[in-house]
Amino acid sequence: CSQLAGAGVHVHMGTCGMFSYEKVKALILPYLSGVYMDVKIIDREKHKRYCGVYNDVILENLERLLQDSKTMGFSFMPRTPLVPGITDTNENLEAIARLYLSLGITETELLPYNPTWYGKNEKLGRTLAPELKGLDRWQPPEKITQCKTIFTQKGIRCR
């Protein structure tokens, strides 16, 4: 990172937020131009169910990255991948929007679901969890617009 940043190359980090903040702050953040952080599920138990870990560290790191972006000079963009029936529910997106408002976040990026992974799992012989069956289709544009509306109605700009 330091050599790239020193050479004038813009360096961005994409993360789910599950990391030791002290290590990342010391070793990586000083050299970054920006951070993209995925915020998937607010409900703690659902996050554990679908992502394999509780989201306590992730939500703490969200706040810390936001604050350090202001003092350390890197851009910060929280993002939400829209997984049908899991992350794209009104309940989840409303909870994310409320969290963002409480933190003063005014912009986010919603990542439309990409089903190209689906066929790869089958070819690898992996068995999908029942709730993942049927996720082999692209989201309709109307659904993405509906998801964005949840944020824009609260004054949060969506990319």
Please check this pair: side chain of Asn92 against backbone of Asp43, looking for a donor-acceptor N/O pair closer than 3.5 Å. no
Clusters formed by hydrophobic residues whose side-chain heavy atoms approach within less than 4.5 Å: which one holds Leu111, and what are its other members? none
Minimum heavy-atom separation for Phe19 and Val57, please, with both atom names. O-CG1, 3.8 Å
For Asp68 versus Tyr21, what's the shortest heavy-atom pair and its separation? OD2-OH, 2.7 Å
Residues Tyr113 and Trp138: closest non-hydrogen pair is O-CE3, 3.4 Å
Decide yes or no for Leu59 and Leu99: does some side-chain heavy atom of the first lie under 4.5 Å from some side-chain heavy atom of the second? yes
For the residue pair Phe74 and Ser33, establish whether any side-chain heavy-atom pair is separated by less than 4.5 Å. no
Point-to-point distance, once rounded to the nearest 0.5 Å, from NZ of Lys40 to CD1 of Ile96: 10.5 Å
Heavy atoms of other groups near Glu22 CD, more than 12 under 6.0 Å: yes
Is any side-chain heavy atom of Gln153 closer than 4.5 Å to a side-chain heavy atom of Lys148? no
Give me each pair satisfying ring pair (Phe, Tyr, Trp, His ring centres under 6.0 Å) with a member in residues 36-56, each pair once, sequence neighbours excluded. His12-Tyr36
For the backbone of Asp88 and the side chain of Lys143, can you confirm whether one donor and one acceptor N or O come within less than 3.5 Å of each other? yes
Thr149 side chain to Thr145 main-chain N or O, any donor-acceptor pair under 3.5 Å? yes
Of all heavy-atom pairs between Cys158 and Phe151, which one has the smallest distance, and what is that distance? SG-CB, 3.4 Å
Interatomic spacing from CE in Met72 to CG in Leu65 - rounded to 0.5 Å: 9.5 Å
Considering all heavy atoms, the nearest Cys16-Met37 contact: O-CE, 4.0 Å
Decide whether Gln146 and Asn90 meet the rule of one side-chain donor and one side-chain acceptor closer than 3.5 Å. yes
Can you tell me how far apart OG1 (Thr89) and CG (Leu82) are? Round to the nearest 0.5 Å. 10.5 Å
Under the rule for salt bridge (charged side-chain N to carboxylate O under 4.0 Å, His left out), what residues qualify as partners of Lys154, not counting sequence neighbours? Glu94
Within the 4.5 Å heavy-atom criterion, are Leu32 and His10 side-chain neighbours or not? no
Can you check whether Ile156's main-chain N or O pairs, donor with acceptor, with Thr106's side chain at less than 3.5 Å? no
So do the side chains of Ile150 and Leu93 get within less than 4.5 Å of each other, counting heavy atoms only? yes
Provide the full list of salt bridge (charged side-chain N to carboxylate O under 4.0 Å, His left out) pairs with a residue in residues 104-115, sequence neighbours left out, each pair given once. Glu107-Arg157, Glu107-Arg159
Apply side-chain contact (heavy atoms from CB on, under 4.5 Å) to the pair Ile28 and Lys23, showing each step before the final yes or no. CA-CA 8 Å; Ile28 299 174; Lys23 288 181 183 178; over 6 Å; no
Going by the side chain to side chain donor-acceptor pair (under 3.5 Å) test, which pairs reach into residues 69-80, not counting sequence neighbours? Asp38-Arg79
Val39 to Pro78 - nearest heavy-atom pair and separation: CG2-CB, 4.4 Å
Between Asn55 (side chain) and Ile41 (backbone), is there a donor-acceptor pair under 3.5 Å? yes
Does a side-chain heavy-atom distance below 4.5 Å link Met77 with Val35? no
Residues that Glu60 engages under salt bridge (charged side-chain N to carboxylate O under 4.0 Å, His left out), provided they are two or more places apart: Arg64
Does any non-hydrogen side-chain atom of Ile144 lie less than 4.5 Å from one of Leu110? no
